[in-house]
Enquirer: 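Right, I'll just put the structure down here and ask away after.
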Amino acid sequence: MPRPPARLVLILAAVLLGVAVLGLGLLRAATYEEPDPAPIAGQQAVPAGGAPGRCGTVPVRATRELRGMWLTTVMNIDWPSRPGLPKEQVQAEYLRWLDLAVAQHHNAIFVHVRPSGDAFWPSAYAPWSEWLTGKRDGRSPGWDPMEFMVAEAHARNLEFHAWFNPYRGSQPAPAGPGADFAKLAPNHPLLKHRDWAIAYPDGKTARLYFDPGNPAARRFVEDAMLEAVGKYDVDGVHFDDFFYPYPEGGGNEFRDDASFAKRADKSQSRADWRRQNVDTLVREMSERIRTLKPWVKFGISPFGIWRNKATDPAGSDSNGLESYDAIYADTRTWVRERWLDYIVPQLYWAIGFAKADYAKVLPWWSALVKGTGVQLYIGQGDYRVGEKGPWRQPDQIERQLALNDRYGVQGSVHFSAKQIREDRLGAVTRYRTRHYATPALVPTMRRLPLRPPEAPRATAARRTDGKVAVEWQARGGTEPVSWALYRVDGAVANLVATGRAGKQDAVDPAPPAGPATYCLSGLDRSGNEGAISDPVSVSP
């Protein structure tokens with residue numbers, strides 16, 4: 001999962017360093033949406049922190065919260081561990097990442113499938129990723145990673161969000177080809193369309209970009225990403241904050257003079273024109289995804305500051321780089337126009353950090369999404385744990401998650417998978433124990449198709465290998481895509497497990513030693529829950 005972008009200028013030096021090394025930019029945030037006064041026809045109202053229905057005489061209770069991690073492929077930051085590994089090892093490594101997600105009670109994974117003009121699927125628009133194949137020759141590895149990744153995520157009831165960098169065309173040398181066309185894969189589209197390419201910055205750290213101001217280049221980039229949406233059963237399309245590059249200073253200019261000269265509105269400033277170009281990409285992708293597959297979510301993880309209050313009264317109480325002005329990302333407009341289903345601001349700053357205090361920037365995002373229907377998730381900076389200052393405290397992210405709860409945030413995405421596995425200072429264990437101790441259902445979205453299944457029929461429960469397996473059958477009508485298993489605990493039935501339909505038994509992994517009573521529900525593709533089954537009990 002992503003880290004802050006390469007050049008953050010006025011942002012904390014540590015953030016700058018992490019960004020420059022990784023060349024990634026994912027700061028994610030959680031969204032708040034006021035409860036609707038009344039449900040849509042046919043939709044059950046889901047109170048915050050709960051699920052509808054009753055298990056026998058007691059209400060059922062389940063957290064609705066997206067929990068995920070970024071799995072970063074560029075420069076093999078997370079996965080695969082090295083380029084050019086055999087298929088079996090690549091697959092085994094991926095399954096271990098999914099096992100980690102399940103162990104952390106996550107319900108989504110965000111996988112880097114287009115790091116820089118390349119692809120982790122057989123594409124007519126992009127060469128195979130060298131971070132997978134180990135070669136820059138565009139040749140197939142002989143199998144389809146996307147098909148495997150999506151199927152295995154779904155088998156574990158994890159949403160699969162395909163993470164794309166739209167405009168990056170290459171990575172800097174020496175790890176990547178830089179701005180040297182001769183070092184690109186022979187089927188790289190920028191070789192055929194050199195007028196689409198812009199090199200930035202000058203010198204050894206240059207990389208190639210698809211020109212955001214060239215309509216043909218923009219359409220091609222959209223088509224390349226939508227190819228994956230059309231071919232695979234993805235649950236979400238996900239961008240981080242790489243549109244126009246972060247400013248490098250030192251006299252470096254993003255040389256888009258040719259496309260700027262062709263702009264339709266000659267009265268526009270270059271800054272306004274660039275923002276319009278990014279807005280157009282976001283709006284068109286939103287429209288095209290909804291036309292192609294209305295059930296697929298679209299979200300972006302932008303830099304955590306839109307504008308500072310000192311620049312714009314509508315901005316946040318911060319004093320850092322402004323994405324509106326520095327990288328032409330008008331994140332506020334994307335939310336207000338409802339082009340997105342979710343937004344994940346990268347809030348990789350500590351509580352109390354002077355330039356961008358987590359506790360002050362978070363409320364701004366919460367207020368922005370309020371009433372829009374756009375869900376707010378937060379990009380959590382797990383990679384920073386152990387750095388000097390407040391990040392030396394193992395409870396920093398735990399405290400941030402507590403603030404998220406106060407401000408109605410609907411989920412978190414953690415950057416990145418490797419940091420979750422490493423668990424520096426025991427910080428991950430700490431926040432998992434306090435915030436992710438039980439499974440969670442993904443938040444429902446009113447825009448998505450609504451087809452909750454009928455109550456399943458729970459037929460029996462039995463103990464096996466220290467677990468309890470509940471046998472169940474779907475009824476007629478809409479087939480459930482997944483299931484939720486509840487166990488009665490006094491005056492409430494709590495969610496204890498979720499799974500994908502197709503595997504008939506629902507399993508409680510940690511049942512009590514004594515008698516236990518269970519109920520089951522089915523959920524549709526969009527996470528809408530149907531009615532609850534009748535109870536079924538198991539003896540000690």
Enquirer: Would you say N107 and E65 are linked by a side-chain donor-acceptor pair, where the criterion is simply a distance under 3.5 Å?
Expert: no
Enquirer: Do E422 and K418 sit within salt-bridge range, that is, some charged N less than 4.0 Å from a carboxylate O?
Expert: no
Enquirer: In a check of ring-ring contact (aromatic ring centres under 6.0 Å, His included) between Y244 and each of Y200, F254, F210, Y167, which one passes?
Expert: F254
Enquirer: Hey, are the side chains of H105 and R432 touching, using non-hydrogen atoms and a 4.5 Å cut-off?
Expert: yes
Enquirer: Is any side-chain heavy atom of M146 closer than 4.5 Å to a side-chain heavy atom of V234?
Expert: yes
Enquirer: Would you mind telling me which of F110, F298, W163 makes a ring-ring contact (aromatic ring centres under 6.0 Å, His included) with F239?
Expert: F298
Enquirer: Taking the six-membered ring of F242 as reference, does the cationic atom of R168 (NZ for Lys, CZ for Arg) lie under 6.0 Å from its centre and within 45° of its axis?
Expert: yes
Enquirer: Is the distance from the ring center of W349 to that of Y358 below 6.0 Å?
Expert: no
Enquirer: Answer yes or no: is there a side-chain heavy-atom contact under 4.5 Å between D233 and R525?
Expert: yes
Enquirer: So E159 and H161, side-chain hydrogen bond (donor to acceptor under 3.5 Å, both in side chains) or not? Walk me through it.
Expert: CA-CA 6 Å; E159 285 194 340; H161 291 245; 2.9 Å; yes
Enquirer: Just by modelled atom types, is the A314 backbone N or O under 3.5 Å from a matching donor or acceptor in the D312 side chain?
Expert: yes
Enquirer: Test your reading of the model: is there a side-chain donor-acceptor pair from N308 to the backbone of G320, 3.5 Å cut-off?
Expert: yes
Enquirer: Look only at the side chain of R447 and the backbone of P294, and say whether a donor-acceptor pair between them is shorter than 3.5 Å.
Expert: yes
